[in-house]
Amino acid sequence: MPKTTAFISITPNLTKESGHDYSYHQSVEKGVRSLGWQNFVLLPKDCSIKNLPDNWIKCLVAREKSWNAGGIRKIFHSFLLAKSLAGFFRNFQREFEGKRCIFFMESFSFFHLFGLTLALPFLPKKNSSLLLLYRYDSKQLGKMLFFHKLALRIIDSLLPPNRLQLLTDSEPLKDDLSQAFGRSFLVMPIPHTDQILEQSPATQASDKIICWWPGPPRAAKGLDIIRLFLKCQSKDAARFQLLVSRKADFAPVENGVDLKVIDDPLPRSEYERWMSLCDLILLPYDASVYRYATSGVFTE
């Protein structure tokens, strides 16, 4: 039976295995293939993940530091992203002839969205739809909310009617964004946590209570609170072992918590192993930042 639908994920931030992006799009691919559709994942050219399948294609403008630079340089890279997207579809034009194309992008900034908007006139549109999954609330979008709304209006004008669908992955975030954008949002499942659930419980010979603060050491994830925990000095402190990213650059404290440093980023297999080994996951996240947001580790 010929595949008449192509699902194309655009992943401007997927450069390594850490974070949610890699496992998320692996899970999306499983769902897409279960429907009998073709699946393509478009990656930055500087993606460091090895042994990717042929349908995971490194073709997007490299995720350089310029994405974090000033506005002018970001706009310039938006044009480069648009050019790389248009180039992909020009090279694969025959592959998509006569097929329904569903484009999907998540974990994007306004400048990624701007690049996609610029590329739309050069992409197949007659039988196409666009899915955009927002992960940030209106407060986090801040002043850029106006520009997101403007870009969505332009996208509406470039696509056939009712071909743009906005998504998010929590009910509170859906309510906040629906009100802010004046548009309907659909809530999608969080699909990339099943690997943890499927694992057999791991065992490690240790008389300590193993606590893990996973991920990069960011202020919004409770950096100052973890520092306080590490500095605890008491007869009971030594009962605890604290696992932290090497990037945290913590130093052990005498008569304090036992500090163990692990690599960051971790391969997914190592992440899953530590998840199953530790006794406690420490998530002292900033409530104002994560008031509506989801994070894979919450579900895991």
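Listed here is the closest heavy atom pair of Ser109 and His112: N-ND1, 3.0 Å. The minimum heavy-atom distance linking Ala82 with Leu118 is given by the pair CB-CB, 3.6 Å. Smallest separation of non-hydrogen atoms from Cys232 and Ala237: O-CB, 3.6 Å. A pairwise comparison of heavy atoms in Phe229 and Val257 identifies O-CG2, 3.5 Å as the closest pair. In plain terms, the two heavy atoms of Lys16 and Ser48 that are nearest each other are CB-OG, 3.9 Å. Looking at every heavy atom in both residues, Phe104 comes nearest to Leu167 through CE1-CD1, 4.1 Å.
Rounded to the nearest 0.5 angstrom, Gln165 CD and Ser184 OG are separated by 5.5 Å. Rounding to the nearest 0.5 Å gives a distance of 8.5 Å between CG of Leu43 and CD1 of Ile57. Separating the OG1 atom in Thr168 from the CG atom in Leu133 is a distance of 5.5 Å, to the nearest 0.5 Å. Rounding to the nearest 0.5 angstrom, the gap separating the CD atom in Gln241 from the CG atom in Asp279 is 9.5 Å. Taking CD of Glu270 as the start and CZ of Arg273 as the end, the distance is 4.5 Å to the nearest 0.5 Å. For the atom pair CZ of Arg153 and CG of Leu164, the computed distance is 13.0 Å after rounding to the nearest 0.5 Å.
A donor-acceptor contact shorter than 3.5 Å links the side chain of Ser157 to the backbone of Ile154. Side-chain N or O atoms of Asp137 include none that pairs as donor or acceptor with a backbone N or O of Leu173 at under 3.5 Å. The backbone N or O of Asp21 lies less than 3.5 Å from no partner atom in the side chain of Asn13, so there is not a single donor-acceptor pair. The closest donor-acceptor contact from the side chain of Arg100 to the backbone of Thr5 lies at 3.5 Å or more, if one exists at all. A donor-acceptor pair under 3.5 Å is formed between the side chain of Thr11 and the backbone N or O of Leu42. Proximity of a side-chain donor or acceptor of Lys221 to a complementary backbone N or O of Pro216 within less than 3.5 Å is not detected. Although no hydrogens or angles enter the test, the distance criterion places no donor-acceptor pair under 3.5 Å between the side chain of Asp176 and the main chain of Pro172. Judged purely by atom type and a 3.5 angstrom limit, His77 has no side-chain atom pairing as donor or acceptor with the backbone of Lys74. With hydrogens and angles ignored, the 3.5 Å screen pairs no side-chain donor or acceptor of Thr117 with any backbone N or O of Ile155. Under the 3.5 Å distance criterion, the side-chain polar atoms of Lys208 are matched with a main-chain donor or acceptor of Ala238.
A 4.5 Å side-chain heavy-atom check between Ser128 and Phe96 finds every atom pair outside the cut-off. Two residues are said to be in side-chain contact when any heavy atoms from C-beta on lie closer than 4.5 Å; Tyr22 and Leu52 meet this criterion. Using a 4.5 Å cut-off on side-chain heavy atoms (C-beta onward), His25 and Glu106 make contact. Between Asp258 and Lys260, every side-chain heavy-atom pair lies at or beyond the 4.5 Å cut-off. Considering only heavy atoms from C-beta on, Ile8 stays 4.5 Å or farther from Phe92 through its side chain. Taking the side chain as every heavy atom from C-beta outward, Leu166 and Leu152 approach each other to under 4.5 Å. Contact check for Ile102 versus Trp37: side-chain heavy atoms found under the 4.5 Å cut-off. Counting heavy atoms from C-beta outward, Leu116 and Leu132 have side chains that approach closer than 4.5 Å.
Taking a 6.0 Å sphere around NZ of Lys83, one finds it holds 12 or fewer heavy atoms contributed by other residues, nucleotides or ligands. Residue Arg291 places its CZ atom among more than 12 non-hydrogen atoms of other residues, nucleotides or ligands, all under 6.0 Å distant. The number of heavy-atom neighbours closer than 6.0 Å to CD of Gln233, taken from other residues, nucleotides and ligands shown, is above 12. Shown here is Asn162, whose CG atom has no more than 12 heavy atoms of other residues, nucleotides or ligands within 6.0 Å. Around CZ of Arg183, the count of heavy atoms belonging to other residues, nucleotides or ligands within 6.0 Å exceeds 12.
Cluster membership for Leu186 and Phe7, using ILVMFWY side-chain heavy atoms within less than 4.5 angstrom, is shared. Under the 4.5 Å side-chain heavy-atom criterion for Ile, Leu, Val, Met, Phe, Trp and Tyr, Phe122 and Leu113 are members of distinct hydrophobic clusters. Tracing side-chain contacts under 4.5 Å through hydrophobic residues (I, L, V, M, F, W, Y), one reaches Met275 starting from Ile262; they form part of the same cluster. Both Phe147 and Phe111 are members of a single hydrophobic cluster when ILVMFWY side chains are connected at heavy-atom separations under 4.5 Å. Under the 4.5 Å side-chain heavy-atom criterion for Ile, Leu, Val, Met, Phe, Trp and Tyr, Leu145 and Tyr292 are members of the same hydrophobic cluster.
By the 30° and 60° cut-offs, the orientation of the rings of Tyr134 relative to Phe108 is perpendicular. Between Tyr285 and Phe298, the ring planes lie tilted relative to each other; the angle falls in the 30° to 60° range. Between Phe110 and His148, the two ring planes are perpendicular [angle over 60°; tilted spans 30° to 60°].
Note on Asp224 versus Arg227: salt bridge recorded, some NZ/NE/NH1/NH2 to OD/OE distance being below 4.0 Å. Salt bridge Arg246/Asp263: present, at least one basic N to carboxylate O contact under 4.0 Å. Comment: Arg94 does not engage Glu97 in a salt bridge, judged by the lack of any side-chain N to carboxylate O separation of less than 4.0 angstrom.
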Note to self: Walk me through whether Leu131 and Met188 qualify under side chain to side chain contact (heavy atoms under 4.5 Å, CB included).
What the structure shows: CA-CA 11 Å; Leu131 309 178; Met188 298 299 290; over 6 Å; no
Notebook entry, point to check: Is there a side chain to side chain contact (heavy atoms under 4.5 Å, CB included) between Leu283 and Tyr290 once you walk through the steps?
Noted result: CA-CA 11 Å; Leu283 303 172; Tyr290 284 88; over 6 Å; no
Next item on the list: Go through the steps to decide whether Ile209 and Cys211 satisfy the test side chain to side chain contact (heavy atoms under 4.5 Å, CB included), and finish with yes or no.
Entry: CA-CA 6 Å; Ile209 300 170; Cys211 306; 4.3 Å; yes
Notebook entry, point to check: Under the side chain to side chain contact (heavy atoms under 4.5 Å, CB included) criterion, do Phe250 and Ile226 qualify, and how do the steps go?
Noted result: CA-CA 10 Å; Phe250 290 155; Ile226 297 299; 3.7 Å; yes
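A cation-pi arrangement is present between Arg135 and Tyr24 under the rule of less than 6.0 angstrom and at most 45 degrees off the ring axis.
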